[in-house]
Amino acid sequence: TWSSTGSPPAEPKGKKSRATHKSAALRGNYPRKAVFFMQVRELMNQSVVSITPGESASLAARLLARHQLGALPVCGEDGGLRGIVTDRDIVTRCVAAETDPHKVPVREIMSRNCAVISPEEDAAEAARLMGAGQVRRLPVLEDGKVVGMVSLGDLAKCRACDMEAAEALSEISENIHRPPTSGTSD
């Protein structure tokens with residue numbers, strides 16, 4: 001509960017969260033509601049597996065499978081982000097196009113100008129960017145270099161972010177068109 005001075009309650013002893021405390025505006029005679037923001041740094045996967053633009057789509061597919069990932073950041077020799085390649089990119093832009101994945105460079109199938117986020121941003125901003133861009137993963141950039149990846153799954157695992165994750169998933173799924181099931185009429 002909040003004190004009569006309007007200050008937030010003291011954080012419980014022994015709590016080791018690096019989340020920062022912010023409060024919502026007063027509404028009528030009700031006390032302010034405490035809102036805790038979790039930084040992307042606390043949720044992201046720091047073990048980044050990346051690929052260069054000149055590598056083959058076949059190598060990208062093997063890396064995705066070996067590391068059980070859905071996306072790889074595509075980085076230049078300087079470590080700067082050039083784009084992102086997903087398992088879906090490989091299937092739709094290479095395999096379905098009937099091109100040889102061994103001969104197709106990642107630069108030809110990767111998505112450019114992808115949404116990115118800073119490790120200092122809060123998880124709600126990551127969820128907003130995912131929903132707006134209809135993506136499930138974001139590269140985390142610091143000083144122009146990829147330092148991690150944050151996924152919708154990472155947000156969903158965090159209790160403080162479950163509403164943001166649900167909202168992002170709803171926005172991502174909004175434009176999915178499913179074929180009508182057989183035996184039904186409109």
To the closest 0.5 Å, what do you measure between [atom1] ([X]) and [atom2] ([Y])?
X: L69; Y: S47; atom1: CG; atom2: OG; result: 10.0 Å
X: L138; Y: E125; atom1: CG; atom2: CD; result: 9.5 Å
X: L63; Y: R66; atom1: CG; atom2: CZ; result: 6.0 Å
X: E121; Y: R41; atom1: CD; atom2: CZ; result: 11.5 Å
X: N45; Y: H67; atom1: CG; atom2: NE2; result: 11.0 Å
X: T99; Y: I109; atom1: OG1; atom2: CD1; result: 8.0 Å

Is there a donor-acceptor pair under 3.5 Å between the side chain of [X] and the backbone N or O of [Y]?
X: E42; Y: Q39; value: yes
X: R82; Y: G80; value: yes
X: K103; Y: S56; value: no
X: R112; Y: R107; value: yes

S151 and R136: CA distance, side-chain angles, deciding distance, side chain to side chain contact (heavy atoms under 4.5 Å, CB included) verdict: CA-CA 6 Å; S151 71; R136 295 173 186 266; 6.0 Å; no
Please say yes or no: joined through hydrophobic side-chain contacts below 4.5 Å, possibly via intermediate residues, are [X] and [Y] part of one cluster?
X: V150; Y: L152; answer: yes
X: M44; Y: L141; answer: no
X: L81; Y: I51; answer: no

T86 and V135, any side-chain heavy atoms less than 4.5 Å apart: no
Derivation and outcome, side chain to side chain contact (heavy atoms under 4.5 Å, CB included), residues E120 and E142: CA-CA 9 Å; E120 306 306 318; E142 189 168 51; 3.9 Å; yes
No-hydrogen, no-angle side-chain donor-acceptor test under 3.5 Å, H102 and S58: yes
V106 vs T52, side chain to side chain contact (heavy atoms under 4.5 Å, CB included): CA-CA, chis, key distance, verdict: CA-CA 7 Å; V106 168; T52 60; over 6 Å; no
